[in-house]
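Have a look at the structure below before the remarks.
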Number of protein chains: 2
Amino acid sequence: MIKRTTLADIAKAANVSMMTVSRAINNKPGLSDELRQHILSLVEEMGYRPNTFARGLATSQTTTIGLVVPDNTNPFFAQIARGVEDAAFENLYNIFLVNTNEDAVRETAALETLWQKGIDGVILCSSRLSGQALEYQVQRFPAIVLVNRELKQSHANLITINVNDHRSAQRVLQHFMGLDRRVIAYIGGPANSFSNQRRLDGYKNGLRSAEIPYNPQLVMSTQPTTEGGREAAAVLLRRRPDVNAIFAYNDLVAVGAMQMCQELGKRVPEDVAIIGVDDIPLATIIRPQLTTMHVPLTHIGRLAMRALIDLIAGEGSSAAYQIEPELFIRDSA
Amino acid sequence: MIKRTTLADIAKAANVSMMTVSRAINNKPGLSDELRQHILSLVEEMGYRPNTFARGLATSQTTTIGLVVPDNTNPFFAQIARGVEDAAFENLYNIFLVNTNEDAVRETAALETLWQKGIDGVILCSSRLSGQALEYQVQRFPAIVLVNRELKQSHANLITINVNDHRSAQRVLQHFMGLDRRVIAYIGGPANSFSNQRRLDGYKNGLRSAEIPYNPQLVMSTQPTTEGGREAAAVLLRRRPDVNAIFAYNDLVAVGAMQMCQELGKRVPEDVAIIGVDDIPLATIIRPQLTTMHVPLTHIGRLAMRALIDLIAGEGSSAAYQIEPELFIRDSA
DNA sequence: TTGTATGCGTTATCAT
DNA sequence: ATGATAACGCATACAA
């Protein structure tokens with residue numbers, strides 16, 4: 001490996017002080033255009049690139065942020081991460097990616113090591129931390145964006161981005177009503193998931209609007225995976241063979257449920273209509289194509305990154321974005 | 001935000017020099033156990049955590065590496081990234097994630113900013129760089145692992161990990177032979193993809209072994225996506241309605257091709273047998289489940305990270321790992 | 001317009 | 001066993 005060229009090397013070669021070189025490369029006033037050009041050409045020639053972290057030590061700005069997700073393999077987070085990364089690239093930021101495995105302990109450890117890096121901010125997705133632990137992390141980092149998670153108290157360095165889960169669920173129920181389905185099940189995600197709670201509320205609310213009594217028999221809780229959807233649907237259909245509509249926690253669960261329905265002899269959507277949430281790529285790959293609440297995932301990622309940058313620059317202020325999903329009607333309902 | 005506690009703060013509190021504190025937290029000899037315990041308890045109490053990059057400046061080790069992929073949204077790379085991240089977490093490394101969009105220019109820019117961070121090493125997946133540009137990058141970073149890409153010359157700080165594409169293709173053809181299929185198409189990926197080239201070679205070789213003449217009519221080139229698979233299959237089936245087996249570049253393409261076959265009235269696998277490569281989660285979600293060459297993606301990620309760490313530690317040496325995929329026979333062939 | 005001194009948080013080296 | 005000093009690469013504040 002080749003030794004890195006430093007500011008001092010350039011300064012020596014140009015026969016000026018390091019400061020002059022520093023001013024030249026940072027486009028700051030205080031030297032003749034001629035000298036600036038000369039220095040810049042030397043920089044080019046000698047392949048000098050400022051060391052981000054040395055600069056960070058001096059300025060306490062690293063142009064680096066942390067992105068914490070439960071699992072980058074999950075299309076939901078993969079899409080968000082892509083949006084974050086795109087916006088970061090455009091703004092010359094770099095991102096540390098960390099998976100938490102939906103584990104609060106690992107999440108804490110991840111935030112710990114990120115903090116040690118002295119990064120400028122964090123985008124934290126679907127945090128499994130307790131409210132108290134989260135408060136601690138928020139006051140700890142210079143700036144933080146919470147995706148899919150709310151916090152009671154507002155902080156000057158905090159922005160939250162949440163999908164309107166409640167309204168989502170209501171919209172789904174409304175669509176089922178239009179289809180004249182009245183035995184509607186909800187296959188929810190993990191019980192400790194906040195968005196699951198909100199969707200469940202929306203589901204109950206939707207039932208109430210339609211004057212359908214709430215029946216716990218029709219509500220399941222499962223892992224947010226295809227397999228989870230399969231298992232839950234199997235149990236559900238045995239328990240209530242008369243189900244004619246399923247609202248699934250997300251598309252993965254919806255696909256699993258759909259397949260289990262079919263394997264159990266139910267036609268989708270004729271016998272059982274199914275609607276998911278997220279609109280991941282799989283939704284249009286699977287047959288029948290999935291009717292789902294479209295969530296602009298990449299957009300959320302970009303929004304999160306831009307909001308974080310504003311926060312870091314001191315231009316942003318505490319805010320709570322609400323994302324409104326839209327029903328994409330395809331073939332499963 | 002709270003002011004960070006520094007080494008100096010601890011030193012002052014303990015009434016010792018910074019070096020003594022440094023030795024204490026780094027488990028180095030040179031102080032009494034008693035004093036060490038005292039310092040460590042102060043560290044705990046005051047919530048001190050060493051700043052990784054200040055340490056990096058002094059030691060030129062950042063315990064940080066870069067992971068460069070074309071698109072973290074693609075399940076193939078998502079799985080690999082997960083493996084990398086897991087192994088990194090276990091070894092207290094952090095990773096910078098960068099997407100290149102399969103664009104050599106953006107890839108170069110990404111490596112540039114990564115280099116500015118002074119990171120310890122890079123894992124570069126499916127590089128689209130020219131051989132020459134790649135050589136430059138290799139001699140530039142302290143350590144580098146190439147996934148899905150080879151390099152003529154070997155370097156002391158370089159390890160490559162490649163899937164045995166050639167053998168993969170041969171195994172697929174062999175399976176088709178066993179099924180008595182002899183009109184075998186190859187729907188390949190982008191022409192500039194190296195693994196595509198190797199799989200095509202394997203395909204040709206497999207045909208030769210079976211004494212089937214190679215026919216360019218049966219070879220397509222497309223984007224490595226479901227849509228790409230659909231389009232290619234549509235063209236292919238119009239051109240050669242007698243095709244009874246398709247070897248697809250990857251699972252995404254295979255799924256697209258499978259659906260197009262079905263839409264065009266062909267049964268899978270009865271009329272057309274289809275085999276993909278990678279074994280991404282979608283392969284078992286789709287119906288019929290996809291027969292595919294299973295590639296241990298997460299394992300490759302872990303392997304890459306561990307190899308990189310060894311390289312960084314100076315314990316690893318130039319190596320070229322060859323991963324042997326295995327045929328997972330399911331329902332599509 | 002240009003340079004000097006100093007500090008960011010940590011470790012290596014050399015003393016004591 | 002412990003500490004003083006310099007150094008990592010850069011930027012800020014202040015002088016000249």
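Note that the structure is a prediction, hence the values are computed from the model and not measured.
- Within the 4.0 angstrom heavy-atom criterion, only backbone atoms of the sugar-phosphate kind lie near Leu7(A); the bases stay farther away.
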- Query: Does the pair Thr160(B) and Arg149(B) meet the rule for a side-chain contact (heavy atoms from CB on, under 4.5 Å), with working shown?
  - Reply: CA-CA 7 Å; Thr160(B) 61; Arg149(B) 177 74 190 258; over 6 Å; no

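- Atom CZ of Arg23(B) and atom P of dT11(C) are 11 Å apart (whole Å).
- Under 3.5 Å, the side chain of Arg49(B) and the base of dG9(C) form no donor-acceptor pair of N or O atoms.
- Partners of Leu92(A) by side chain to side chain contact (heavy atoms under 4.5 Å, CB included), not counting sequence neighbours: none found.
- Atoms CG (Leu31(B)) and P (dT16(C)) sit 21 Å apart, rounded to a whole Å.
- Within a heavy-atom distance below 4.0 Å of DNA chain C, the residues of residues 34-43 of chain A found are Leu35(A).
- Closest to the side chain of Thr6(A), from the set dG9(C), dG9(D), dT11(C), is dG9(D).
- Listed pair Ser22(A) / dA11(D) meets the phosphate criterion, a side-chain N or O lying under 4.0 Å from OP1 or OP2.
- A salt bridge does not link Lys152(A) with Glu135(A): none of the charged nitrogens is closer than 4.0 Å to a carboxylate oxygen.
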- Message: Does Ile95(A) form a side-chain contact (heavy atoms from CB on, under 4.5 Å) with Thr64(A)? I'd like the steps, not just the answer.
- Response: CA-CA 6 Å; Ile95(A) 80 177; Thr64(A) 296; over 6 Å; no

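- The listed nucleotides are dC10(D), dT10(C), dT12(D); the one nearest the side chain of Asn51(B) is dT10(C).
- Residue whose closest nucleotide on DNA chain D sits further toward the 5' end, between Val16(B) and Ala58(B): Val16(B).
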- Kindly determine whether Arg140(B) and Glu112(B) satisfy salt bridge (charged side-chain N to carboxylate O under 4.0 Å, His left out), including the steps that lead there. CA-CA 10 Å; Arg140(B) 191 172 195 223; Glu112(B) 185 65 37; 3.0 Å; yes

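- Atoms CE (Met18(B)) and P (dC14(C)) sit 19 Å apart, rounded to a whole Å.
- Comparing dG9(C), dT10(C), dT2(D) by their closest approach to the side chain of Leu57(B) singles out dG9(C).
- Nearer the 5' end of DNA chain D, as judged by each residue's closest nucleotide, is the contact made by Gly30(B), out of Gly30(B) and Ile25(A).
- Between Arg82(A) and Asp86(A), at least one side-chain nitrogen of the basic residue sits less than 4.0 Å from a carboxylate oxygen of the acidic one, meeting the salt-bridge criterion.
- Note that OG1 of Thr73(A) is 4.5 Å distant from CG of Asp71(A), once rounded to the nearest 0.5 Å.
- Rounding to whole angstrom units, CZ of residue Arg4(B) and C1' of dG7(C) are separated by 17 Å.
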- Task: Assess whether side-chain contact (heavy atoms from CB on, under 4.5 Å) is satisfied between Arg128(A) and Asn192(A), documenting all intermediate values.
- Result: CA-CA 8 Å; Arg128(A) 289 287 194 268; Asn192(A) 65 346; 3.8 Å; yes

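- In this structure, CE of Met19(B) is placed 6 Å from C1' of dT11(C), rounded to the nearest angstrom.
- Atom CG in Asn15(A) sits roughly 13 Å away from atom C1' in dT2(C) (whole-Å rounding).
- Nucleotide dG9(D) holds its C1' atom 14 Å from the NZ atom of Lys12(A), rounded to whole Å.
- Applying the 4.0 Å criterion to OP1 and OP2 of dG3(C), one finds that Thr20(A) has a side-chain N or O inside that range.
- Look at Arg55(B) and you'll find a side-chain N or O under 4.0 angstrom from OP1 or OP2 of dT11(C).
- Closest to the side chain of Ser17(B), from the set dG9(D), dA11(D), dA4(D), is dA4(D).
- Note on Lys28(B): every side-chain N or O is 4.0 Å or more away from OP1 and OP2 of dT11(C).
- Between the CZ atom of Phe53(A) and the C1' atom of dA7(D) there is a distance of 20 Å, given to the nearest Å.
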